[in-house]
K.L.:
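Have a look at this one.
Every heavy atom of this structure was used, including side-chain atoms; hydrogens, water molecules and symmetry mates were not.
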Amino acid sequence: SSDTTLLYWTGTAFHQFVYYNAGDSPDGGVGWYDANTSVPTTNTLSPSQGVFVHNSSGAPITLITAGTVLQGTNLVAVGSGFHIFSLPEPVGGKSLDSANFPAVSSSDTYLKWTGTNYYQLVYYNAGDSPDGGVGWYDANTSVYESTNSAVWAKAGESFFINHVGAAETWTNVFQVQ
């Protein structure tokens, strides 16, 4: 019903889509509608794209996603500024180090929604990290987190990256074993 809103980040703001059932939709249809125009939408998400879903009903919902797992070498554009991503492959707890994300040292920030706030990691190289290591560190405690699978997005979850610097290409390689 209209208690569920999907938020798609455009790079500068969220674009909203609302899910309607036949009882509350503007035209009696069922599905996702553009929140600004009330027009049904047929937008799709590609692997590596992400969204936020706001369920204000209080009751659990299940969102089913389906598609083909992209295998081989996948190229994802990473622009400067805030962007929302998901891992291109259907795995969870995988660090951006192991996913070959093109992070900029002491500048790029990973933000994962916890349900109440954002958990933030900052990427460092050996020259400027808190302990001489390379990878992602907790933005508040400076604890090394690259190998802590609990802080990384689960399969199907989205996360923000604030990428400081020039646009890059994220080259991700995945093969189903």
K.L.:
Decide if the gap between the ring center of W9 and the ring center of F160 is smaller than 6.0 angstrom.
P.N.:
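For W9 and F160, the ring centres are under 6.0 Å apart.
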
K.L.:
Would you say that W32 contacts L6 through its side chain, given a criterion of any heavy-atom pair below 4.5 Å between the two side chains?
P.N.:
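Yes, at least one pair of side-chain atoms sits under 4.5 Å.
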
K.L.:
Could you walk me through whether L111 and F82 pass side-chain contact (heavy atoms from CB on, under 4.5 Å), step by step?
P.N.:
CA-CA 10 Å; L111 300 104; F82 280 97; 3.8 Å; yes

K.L.:
Side chains of S146 and D97: do they bring a donor and an acceptor to under 3.5 Å?
P.N.:
yes

K.L.:
About how many Å separate OG of S48 and NE2 of H83, when rounded to the nearest 0.5 Å?
P.N.:
12.0 Å

K.L.:
Do L45 and V51 have side chains that get closer than 4.5 Å, going by heavy atoms?
P.N.:
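Answer yes - side chains close enough.
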
K.L.:
Answer yes or no: is there a side-chain heavy-atom contact under 4.5 Å between V104 and H163?
P.N.:
yes

K.L.:
Provide the closest heavy-atom pair for S25 versus G28 in the form atom of the first, atom of the second, distance.
P.N.:
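Heavy atoms only, the tightest pair is OG-N, 2.7 Å.
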
K.L.:
Quick check: do I84 and F159 have side-chain heavy atoms less than 4.5 Å from each other?
P.N.:
no

K.L.:
Is it the case that one hydrophobic cluster holds both V134 and Y110, taking links as side-chain heavy atoms less than 4.5 Å apart, direct or via other members?
P.N.:
yes

K.L.:
What do you reckon, are the aromatic ring centroids of Y33 and F17 less than 6.0 Å apart?
P.N.:
no

K.L.:
Quick check: does any side chain N or O of T141 sit under 3.5 Å from a backbone N or O of D138, one acting as donor and the other as acceptor?
P.N.:
no

K.L.:
Check the pair T169, V78 against side-chain contact (heavy atoms from CB on, under 4.5 Å), reporting the backbone distance first and the verdict last.
P.N.:
CA-CA 6 Å; T169 299; V78 179; over 6 Å; no

K.L.:
Within a strict 4.5 Å, meaning less than it, do heavy atoms of the T41 and V39 side chains meet?
P.N.:
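No, every pair of side-chain atoms sits at 4.5 Å or beyond.
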
K.L.:
Does the side chain of Y123 come within less than 4.5 Å of L96's, by heavy atoms?
P.N.:
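A side-chain contact under 4.5 Å is absent here.
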
K.L.:
For the atom pair CD (Q16) and CG (N36), what is the distance rounded to the nearest 0.5 Å?
P.N.:
7.0 Å

K.L.:
Do any N or O atoms from the side chain of N172 and from the backbone of L75 form a donor-acceptor pair under 3.5 angstrom?
P.N.:
no

K.L.:
Return yes if some donor-acceptor pair links the side-chain N/O of T114 with the main-chain N/O of Y118 below 3.5 Å, else return no.
P.N.:
no

K.L.:
Side chains of V69 and F174: closer than 4.5 Å at any heavy-atom pair?
P.N.:
yes

K.L.:
Drop me the distance from K154's NZ to L87's CG, to the nearest 0.5 angstrom.
P.N.:
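Interatomic distance, K154 NZ to L87 CG, rounded to 0.5 Å: 13.0 Å.
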
K.L.:
Rounded to the nearest 0.5 Å, what separates atom OH in Y124 from atom OG in S107?
P.N.:
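Y124 OH to S107 OG: 9.0 Å, rounded to 0.5 Å.
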
K.L.:
Counting N and O atoms only, with roles assigned by atom type, does the side chain of S86 sit under 3.5 Å from a partner on the main chain of Q49, one being a donor and the other an acceptor?
P.N.:
yes

K.L.:
Checking the side chain of W170 only, and the main-chain atoms of N74 only, is there a donor and an acceptor separated by less than 3.5 Å?
P.N.:
no

K.L.:
Can you check whether A59's main-chain N or O pairs, donor with acceptor, with S57's side chain at less than 3.5 Å?
P.N.:
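Yes; at least one donor-acceptor contact below 3.5 Å.
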
K.L.:
Treating T10 as the side-chain partner and F14 as the backbone partner, does any N or O pair qualify as donor plus acceptor under 3.5 Å?
P.N.:
no

K.L.:
Quick one: does D108's side chain get under 4.5 Å of V164's, heavy atoms only?
P.N.:
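The answer is yes, as the side chains (C-beta and beyond) meet within the 4.5 Å cut-off.
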
K.L.:
About how many Å separate CD1 of I61 and CG of L63, when rounded to the nearest 0.5 Å?
P.N.:
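Atom-to-atom, L63:CG and I61:CD1 are 4.5 Å apart.
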
K.L.:
Evaluate side-chain contact (heavy atoms from CB on, under 4.5 Å) for L121 paired with V151, printing each intermediate quantity in order.
P.N.:
CA-CA 9 Å; L121 301 176; V151 303; 4.0 Å; yes

K.L.:
Counting distance only, does the side-chain N/O of K94 pair as donor-acceptor with the main-chain N or O of A99 below 3.5 Å?
P.N.:
no

K.L.:
Tell me whether the centres of the aromatic rings in W113 and Y119 are closer together than 6.0 Å.
P.N.:
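No, they do not, as the ring centres are separated by 6.0 Å or more.
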
K.L.:
Examine distances only and state if a side-chain atom of N21 and a backbone atom of D24 form a donor-acceptor pair shorter than 3.5 Å.
P.N.:
yes

K.L.:
Rounded to the nearest 0.5 Å, what separation is found between the CD atom of Q120 and the CG atom of N162?
P.N.:
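Taking CD in Q120 and CG in N162, the distance rounds to 9.5 Å.
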
